[in-house]
Amino acid sequence: MNVVECEKVTKKQGSVVALNELNIQIKKNTITGLIGRNGAGKTTLLKILAGLWRPTSGHVEVLSVNPFNSLTVSANVAYIDDSMDFPNTLTLSEILQAGKRFYGNWDSQLAERLFEYFSFHPNQLHTHLSKGKASTFNMIFGLAARCEITLFDEPTNGMDASVRKDFNRALLKDYLAYPRTMIISSHHLEELEELLEDILVIKNGKELLHEPIDVIRNYAIGLTGRSELVRQWVTDKQVLYTEEVGANTCYAVVKSEGIPLEKAKQLGMKVTPVSASDVCVYLTNRTTGGIDDVFK
Amino acid sequence: MSLNNMSLGTLVGKQYLFKWKAFAGVFNSMIALQLLAIVFSAGGVGQTGTSTGSVSIDLYYYSVDNVVGFTMVWAFFKSILITTKSYRNDDYLFVTNRLSSNLANILFVFSASVVAGLTAILSGYVIQMIQYVQGNTFLTEANPLSLGEWFTGAFATILYILFIGALGYLIGSVVQLHRTLVIIIPVALLGFLFVYDFNEPGMISMFKFYFKENIFWLFAMKILGTVLLLFAASMLVSNRLEVRK
């Protein structure tokens, strides 16, 4: 069963096209990683799914209803980002109490335990929290709300490495105990990789790839060898990335589908796997030029 | 996991209670303004003097007019304030839709008007007390109002404050539609004040319609009817608004 369906969803903001006829379907009880470069449309997509923004055109269904202005969607979708401005008249513990009143499945025990574990002070104000602390608090809020669909928009922003690890573990444990649908957007996949089941890569407001993580792990291979040989050999293949790695040595990443690996090895090329996060980086790169070209 | 279902009524009730906490700050400014108005009223809001020969009479007027005036200004800006981004977004951190958020806000404006109207009327006793302490005992010995008069006065004050509050809420909601309106609307309103001829028959009949009504319940119906229209218009303009930008 799909809990999210988007059909030809376009969102224009002024003259900028944030989403461009996007089609996606998200299955119930999966954790999907939403991967894309800055400005690819990740936040726009999540805000539309949460019912906060309206698409310019196209059809969106979340939990089988149009999310915009829908009470059902608001009550069952938590949208967590780093710009949650809780009112200054409420302390952190009062915010959690308010959450309990609004969300029917709210888990007070989990909220309290995580609150204590990350050593928050009950009388603190949300505005006085540092960036990483605020992100951690928002994450607690999002997990404790225990909504049917939880959308995390770059949840680990500002968190230090150990909190990120804790965050991943907390999320995974709670997901296993109470399966639900989660979409987590991020631009660095490596730290999320262990969590995710599916990966949705978007680029320039269009879906590029939506596959289980295992497919992405085997999506491409790296070939290293003499430049002329590698460049000549990959001309008829789908090249994602090439780089000169040394004197007369070239590294090329090609789509692994239909590549005769044995032959490549016989020709003297080194074949290496390409991690899922690198695949995403190469896929979302602009096709021509890199940062080096700016300084030429 | 079971879906979290909540009826509109329950949700509005929850949001309304939440607003008393989240918007508590607006009452600080109300108290500050009313205290300021009481201080301004301490010397009397008006004075006339007359003398014949060796007798001179000075008349000082004491009233809560200043306090009510200040409270109306507060009601206007408070309503605009709660339509602004940061206040509006409070709702969208929890469960809401535009209808329930507006309904809860409207209930809050109603209640805040009652609180503000009552404190404004009751400030009359503070003004009397200040005069008494200063030795002006004559004022406090004047004929007290009958209970009916007192209630009519308090109710009318609340209605005026509510009316101004509803107007502020509509203006605030319209301004939120596009950021250029932040400039356009105040300029248009101020320009209107300068250019418009307030002696124009339309204005005079409108003024009479609202403020020269001698039958109290008719006056109350007119104000309440207008307030509901203003709120309905606010809900209509903000129902398509995109939030948490």
Side-chain angles (χ1 to χ4, degrees), chain A residues 3 11 13 28-29 43-44 46-48 50-55 63-64 67-81 83-91 94-95 97-106 126-127 138 141-142 145-149 153 177-181, chain B residues 1-29 81-82 84-105 108 176-180 235-245:
Chain A
V3 286
K11 175 71 182 171
Q13 284 167 315
K28 193 181 159 85
N29 297 345
T43 299
T44 309
L46 291 180
K47 288 202 173 175
I48 287 174
L52 300 170
W53 293 3
R54 259 177 301 133
L63 300 167
S64 313
F68 189 75
N69 236 349
S70 154
L71 264 195
T72 319
V73 168
S74 184
N76 294 291
V77 176
Y79 172 72
I80 306 298
D81 66 357
S83 58
M84 298 178 81
D85 292 323
F86 287 100
N88 280 335
T89 43
L90 271 76
T91 63
E94 283 170 335
I95 293 171
Q97 281 160 22
K100 185 183 169 148
R101 278 196 291 277
F102 282 105
Y103 291 104
N105 296 327
W106 182 271
H126 194 268
T127 40
N138 298 345
F141 187 87
R146 198 159 278 168
C147 287
E148 185 63 35
I149 300 178
D153 192 3
Y178 300 93
R180 51 204 199 258
T181 312
Chain B
M1 201 158 32
S2 63
L3 281 186
N4 178 15
N5 283 318
M6 207 185 282
S7 72
L8 183 67
T10 326
L11 177 62
V12 171
K14 284 177 192 222
Q15 284 182 302
Y16 171 72
L17 290 178
F18 174 72
K19 283 184 191 297
W20 277 100
K21 192 96 200 166
F23 295 174
V26 300
F27 290 105
N28 296 339
S29 54
L81 186 71
I82 66 171
T84 55
K85 213 176 185 175
S86 62
Y87 280 77
R88 179 162 35 87
N89 281 351
D90 287 351
D91 280 335
Y92 293 91
L93 297 172
F94 299 97
V95 180
T96 191
N97 64 4
R98 282 142 198 86
L99 177 65
S100 76
S101 172
N102 270 320
L103 287 175
N105 274 339
F108 180 78
Q176 296 306 317
L177 291 182
H178 198 275
R179 57 181 181 279
T180 52
M235 292 208 274
L236 215 63
V237 296
S238 59
N239 206 37
R240 306 276 294 153
L241 195 69
E242 298 195 322
V243 291
R244 272 172 88 176
K245 283 249 183 197

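Lettering follows sequence order; numbering is per chain, from 1. The shown structure was predicted, so the numbers you read here are calculated from the model rather than taken from an experiment.
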To the nearest 0.5 Å, how far apart are OG1 in A:T89 and CZ in B:F18?
7.0 Å
Which region of A:F141, side chain (C-beta onward) or backbone (N, CA, C, O), has a non-hydrogen atom less than 4.5 Å from a non-hydrogen atom of chain B, or is it both or neither?
side chain
Do you know the tightest heavy-atom contact between A:R101 and B:K14?
O-NZ, 2.7 Å
Rounded to the nearest 0.5 Å, the CG atom of B:D90 sits from the CG atom of A:L90 at a distance of 8.5 Å
Part of B:L8 within contact of chain A (heavy atom distance under 4.5 Å)
both
Does the pair B:L3 and A:E148 meet the rule for a side-chain contact (heavy atoms from CB on, under 4.5 Å), with working shown?
CA-CA 7 Å; B:L3 281 186; A:E148 185 63 35; 3.8 Å; yes
Looking at B:N4 and A:N76, would you say the former's side chain and the latter's main chain have a donor-acceptor pair under 3.5 Å?
no
Examine whether an atom of A:Q13 lies under 4.5 Å from a heavy atom of chain B, and if so say whether it belongs to the side chain, the backbone or both; otherwise answer neither.
side chain
Residue, of B:N239, B:N5, B:T10, that accumulates the most heavy atom pairs under 4.5 Å with chain A
B:N239
Can you pull out every salt bridge (Lys or Arg N to Asp or Glu O under 4.0 Å) where at least one residue sits in residues 92-104 of chain B? Sequence neighbours excluded, please.
none
The interface call for A:N138 against chain B, heavy-atom contacts under 4.5 Å, is neither
Return the minimal non-hydrogen interatomic distance between B:V243 and A:W53, and the atom names on each side.
O-NE1, 2.9 Å
Test your reading of the model: is there a side-chain donor-acceptor pair from A:R54 to the backbone of B:R240, 3.5 Å cut-off?
yes
Side chains of A:D85 and B:N89, donor plus acceptor under 3.5 Å:
no
From A:S74 OG over to B:L11 CG, what is the distance, rounded to the nearest 0.5 angstrom?
7.5 Å
Interchain contact, B:F94 with chain A, by part (heavy-atom threshold 4.5 Å):
both
